[in-house]
Novice: 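I have a structure I would like to understand better, so I am pasting it below and will then ask my questions one at a time.
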Amino acid sequence: MADFMNGMKRTAYCGEVSVDMIGKELVLAGWAAKQRDLGNLIFIDLRDRTGIAQLAFDDSTGRETFGKASSVRSEYVLMAKGVLRRRESVNRDIPTGEVELYVSELRVLAVSETPPFDIKDGIKTNEELRLRYRYLDLRRNELQSAILMRHRIVKLARDYFDKNRFVEIETPILMKPTPEGARDYLVPSRVHPGKFYALPQSPQLYKQLSMLAGFDRYMQIARCFRDEDLRADRQPEFTQIDIEMSFVDEVDVQTVNEGLMKDIFKEIMGMELELPLRRITYKEAMERYGSDKPDTRFGLELQDLSDILKSTEFAVFKTALEAGGSVRAINIKGAAATLSRKEIDKLADVAKLFKAKGLAFTRVTDEALSSSFEKFLTEAEIEAIHGRMDLKTGDVLLVVADPRDSVVFAALGALRLNLAKRLGLIPENTYDLLWVTDFPLFEYDPDEGRYYAMHHPFTCPNFEDLEKMETDLGAVRARAYDLVLNGTELGGGSIRISDPAIQRKMFAALGMSEAEANDKFGFLLEAFKYGVPPHGGMAYGLDRLVMLLLNKESIRDVIPFPKVQNASELMTACPTHVDTKSLDELSIAVVREEE
RNA sequence: GGCCCGGUAGUUCAGUCGGUUAGAACGCUAGCCUGUCACGCUAGAGGUCGUGGGUUCGAGUCCCAUCCGGGUCGCCA
């Protein structure tokens with residue numbers, strides 16, 4: 001049976017014992033990371049969340065205590081009282097390596113089975129196993145420091161916004177389903193058979209109503225839920241740092257958030273951020289980087305060749321241009337040596353993944369120039385392209401043409417990232433933070449044949465584009481902005497519509513009747529009759545921020561208890577079946593279920 | 001829903017052209033060991049080769065299906 005803790009109180013953390021505590025009697029507590037039994041001499045590495053301290057036992061140690069020490073195995077929970085002394089041989093690899101606790105009393109508070117994998121940093125264990133035993137994986141320093149960084153960022157954000165007179169307001173977790181946008185997680189109502197709540201995809205409407213209520217500056221560390229497929233940087237349940245402000249324009253919101261970023265980079269990373277941050281428009285981001293979340297840590301920028309080729313006879317380019325599309329290219333400087341014909345064919349597969357029909361190229365080596373398309377062009381066209389692209393010996397030019405600009409951007413944008421990674425063009429330990437502004441208000445869905453709100457239907461149009469709300473939806477710009485870090489969207493926000501007339505235009509543009517708008521958002525429209533301050537806000541993905549700051553590949557590495565790709569949790573094995581009684585109470589009949 | 005990658009002792013992996021008793025390291029168990037810290041030495045245990053089916057004289061290896069995990073496209077207002 002395990003020992004009790006009675007009468008013993010921890011007096012120090014393992015990682016914090018130091019030479020100036022030598023001679024003091026201390027009580028340490030933690031997990032046995034390692035036991036080294038040398039016969040008449042035993043050492044135990046005791047681990048807690050601050051680090052490791054060495055416990056020492058020898059033949060002057062009481063027989064019972066020595067016996068316990070020799071029975072200790074990995075992950076036993078121990079409490080040890082003793083006097084801190086200088087080690088006979090110092091370990092320079094750990095901060096506490098000059099001292100050890102010479103133990104007079106040892107309590108084994110809990111034994112442990114041999115853990116299914118080693119609990120140490122840098123292990124290469126299969127993630128499935130680590131997730132099944134997440135509580136063991138979380139004992140590792142690597143994960144502990146990620147969770148600690150989360151804590152520090154959240155604390156810092158709360159302090160920062162408090163200092164700037166923001167109020168943290170808790171918004172409901174059970175709320176009205178929102179039919180547009182991501183799929184909702186639904187929660188059945190027992191009291192209202194056949195009716196459902198939804199978990200929030202974001203506290204959007206409540207934070208806007210908080211502005212209407214006069215709180216003026218709102219913030220929340222908000223848990224959000226989206227029932228969509230997962231990715232390395234996407235979980236069904238995630239955390240946002242969510243804010244909303246009244247009597248502000250875009251720059252006011254951005255300025256407050258830049259201040260937070262500056263504090264985070266300074267306090268967490270020890271880096272000075274230059275403010276104001278760089279701003280580029282959506283249009284420029286797409287044209288130069290082929291992405292609305294451009295990674296600008298490296299070049300490989302896109303160039304438009306459409307004007308040079310406007311009267312070309314080459315069918316591939318000609319049909320793209322005649323249909324209103326474009327021909328664009330990137331020059332991969334000096335890559336001819338590394339990119340063989342075969343490699344370029346593989347790049348074509350990448351482009352095809354993004355619906356490009358093919359990838360045209362020119363490869364210039366010392367020996368020869370090989371090109372998939374130049375034989376179809378005139379001398380003048382070739383010369384103009386080489387000039388604009390600065391094409392020299394050793395370079396590889398990649399060209400994508402398509403009737404849809406979006407395909408050209410997506411394909412070249414993906415190639416750009418792919419090549420930068422492969423060729424090692426991305427500098428390490430560089431954090432490139434910028435605003436992308438002037439997003440389009442609408443996005444066309446060719447399948448449905450209609451426009452959707454790119455952000456959400458409460459995003460304010462740019463006033464200069466108001467008349468286009470009736471004539472040219474695709475050209476209307478939104479007062480929306482994204483914060484981008486190293487090619488990942490960290491957060492986004494907008495100035496909201498506070499004018500009922502503009503809101504009506506918005507719903508009309510989305511093909512939503514007045515009745516439909518009232519049914520879905522009636523409470524908001526009603527509220528907006530009673531004095532709406534101009535307002536706007538922003539939300540950041542906390543998980544992504546921590547992931548990027550720690551240079552992790554996956555968001556799972558910074559979430560304490562994450563879900564796997566099929567949205568289940570391996571440790572508790574949820575979701576799960578529920579008993580018929582529970583379903584009956586909810587008036588729910590299951591028509592199809594998983595084994 | 002589509003495509004791609006992976007699954008062999010507790011863990012990380014190797015396993016040749018389909019061939020006889022499936023290996024290594026670490027971990028684990030036992031014994032010895034007074035300055036270790038990747039302790040050392042000796043001995044030992046440990047396998048449904050993800051699962052099911054098929055081809056074959058013979059399958060970890062080939063084929064089909066399926067499960068699990070990862071990446072990605074669609075999706076993510």
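The sequence lines fix the lettering, A, B, ..., with proteins before strands; numbering per chain opens at 1. Quick caveat: nothing in here was measured; it's all calculated off a predicted structure. These values consider heavy atoms only, across backbone and side chains, with no hydrogens, waters or symmetry-generated copies.
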Novice: Heavy atoms from C-beta onward define the side chain here; which of B:U12, B:C76, B:G74 lies closest to that of A:D229?
Specialist: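 Selected nucleotide: B:G74.
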Novice: How far, in whole Å, is B:U72 from B:G27 if one measures between their P atoms?
Specialist: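 Nearest-Å result for B:G27 against B:U72 at atom P: 35 Å.
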Novice: Provide, to the nearest angstrom, the distance between the CZ atom belonging to A:R226 and the P atom belonging to B:C76.
Specialist: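 Going from A:R226 (CZ) to B:C76 (P), I get 10 Å.
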Novice: Looking only at atom C1', what distance separates B:C64 and B:U56, rounded to whole Å?
Specialist: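 Between the two C1' atoms, the distance is 16 Å.
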Novice: Suppose you measure atom C1' in B:C13 against the same atom in B:A22; what distance do you get, rounded to whole Å?
Specialist: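 B:C13 and B:A22 have their C1' atoms separated by 14 Å.
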Novice: Any side-chain N or O of A:R92 below 4.0 angstrom from OP1/OP2 of B:C37?
Specialist: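 For B:C37, neither OP1 nor OP2 has a side-chain N or O of A:R92 closer than 4.0 Å.
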Novice: Measuring from the side chain of A:T125 (C-beta onward, heavy atoms only), which nucleotide among B:U11, B:U36, B:A38 has the closest atom?
Specialist: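 Nearest nucleotide to the side chain: B:U11.
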Novice: Go through B:C76, B:G10, B:C37 for me and flag the one nearest to the A:P116 side chain.
Specialist: B:G10
Novice: Which nucleotide in the set B:G27, B:U36, B:U12 lies at the smallest distance from any side-chain heavy atom of A:D118?
Specialist: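 When the side chain of A:D118 is considered, B:G27 is the closest of B:G27, B:U36, B:U12.
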Novice: Starting at atom CE of A:M454, determine the distance to atom C1' of B:C76, rounded to an integer number of angstrom.
Specialist: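 From A:M454 CE to B:C76 C1': 13 Å.
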Novice: Considering Watson-Crick and G-U wobble pairs with both distances under 3.5 Å, what does B:U20 pair with?
Specialist: none
Novice: Other residues, nucleotides and ligands only: do more than 12 of their heavy atoms fall within 6.0 Å of NZ on A:K552?
Specialist: yes
Novice: Now, which nucleotide makes the Watson-Crick or G-U wobble pair with B:G47, with each of the two distances under 3.5 Å?
Specialist: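 Base partner found: none.
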Novice: I'd like the P distance from B:U20 over to B:A59, given in whole Å.
Specialist: 11 Å
Novice: Distance check, rounded to the nearest 0.5 Å: A:N518 atom CG versus A:L525 atom CG?
Specialist: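 Here the interatomic distance stands at 6.0 Å.
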Novice: A quick test of your reading: do over 12 heavy atoms of other residues, nucleotides or ligands sit less than 6.0 Å from NZ of A:K563?
Specialist: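 It does: A:K563 NZ has more than 12 such atoms within range.
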Novice: Separation of A:D37 atom CG from B:C28 atom P, in whole Å?
Specialist: 13 Å
Novice: Which is more 5' along RNA chain B, the nucleotide nearest A:L129 or the one nearest A:D93? Just name the residue.
Specialist: A:L129
Novice: Does B:A59 pair with anything, Watson-Crick or G-U wobble, both distances under 3.5 Å, and if so, with which nucleotide?
Specialist: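 Matched B:A59 with nothing under the 3.5 Å cut-off.
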Novice: When you look at OH of A:Y185, are more than 12 heavy atoms from neighbouring residues, nucleotides or ligands closer to it than 6.0 Å?
Specialist: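 Enclosed: over 12 neighbouring heavy atoms sit under 6.0 Å from OH of A:Y185.
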Novice: If I take atom NZ in residue A:K355 and atom P in nucleotide B:G2, what distance separates them, rounded to the nearest angstrom?
Specialist: 16 Å
Novice: Please tell me if A:R73 has a side-chain N or O lying less than 4.0 Å from either OP1 or OP2 of B:A30.
Specialist: yes
Novice: Partner of B:C3 by Watson-Crick or G-U wobble geometry, both contacts under 3.5 Å, or none?
Specialist: B:G71
Novice: Can you spot which of A:Y282, A:F442, A:Y444 makes a side-chain contact (heavy atoms from CB on, under 4.5 Å) with A:M454?
Specialist: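 Testing A:M454 for a side-chain contact (heavy atoms from CB on, under 4.5 Å) against A:Y282, A:F442, A:Y444 leaves exactly one candidate, A:Y282.
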Novice: Under a 3.5 Å cut-off for both contacts, is B:A9 paired Watson-Crick or G-U wobble with anything, and if yes, with which nucleotide?
Specialist: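 Base-paired to nothing in any strand shown.
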Novice: Does any nucleotide pair with B:A38 by Watson-Crick or G-U wobble geometry, both distances under 3.5 Å, and what is it?
Specialist: none
Novice: What is the distance, to the nearest angstrom, from the NZ atom on A:K120 to the P atom on B:G27?
Specialist: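 After rounding, the reported distance stands at 7 Å.
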Novice: Go through B:U11, B:G35, B:G74 for me and flag the one nearest to the A:F117 side chain.
Specialist: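 The nucleotide sitting nearest to the side chain is B:U11.
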Novice: For the aromatic rings, using the six-membered ring if either is Trp, is the centroid distance between A:F66 and A:F57 under 6.0 Å?
Specialist: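 For A:F66 and A:F57, the ring centres are not under 6.0 Å apart.
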Novice: Which parts of nucleotides 66-72 of chain B does protein reach within less than 4.0 Å, heavy atoms only, written one letter per nucleotide 5' to 3' as B for base, S for sugar-phosphate only and - for none?
Specialist: --SSBBB
Novice: Mind calculating the distance between CZ (A:F225) and C1' (B:C76) to the nearest angstrom?
Specialist: 16 Å
Novice: Answer yes or no: does a side-chain N or O of A:K34 lie under 4.0 Å from OP1 or OP2 of B:G27?
Specialist: yes
Novice: Nearest 0.5 Å, what's the CZ-CG distance between A:R47 and A:N141?
Specialist: 9.5 Å
Novice: Starting at CZ of A:R36 and ending at C1' of B:A38, how long is that distance when rounded to a whole Å?
Specialist: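 These atoms are roughly 9 Å apart.
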Novice: A quick test of your reading: do over 12 heavy atoms of other residues, nucleotides or ligands sit less than 6.0 Å from OH of A:Y102?
Specialist: yes
Novice: Rounded to the Å, how far apart are A:D445 CG and B:G74 P?
Specialist: 13 Å
Novice: Under 6.0 Å from the CZ atom of A:R49, do we count more than 12 heavy atoms belonging to anything else shown?
Specialist: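 Not more than 12 within 6.0 Å, no.
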Novice: What is the nucleic acid contact for A:S202, judged by heavy atoms within less than 4.0 Å: base, sugar-phosphate only, or nothing?
Specialist: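 Contact class for A:S202: base.
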Novice: Have a look at A:V350 and say if it touches a base, only the backbone sugar-phosphate, or nothing, with a 4.0 Å heavy-atom cut-off.
Specialist: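 Answer is nothing: A:V350 stays at 4.0 Å or more from every strand.
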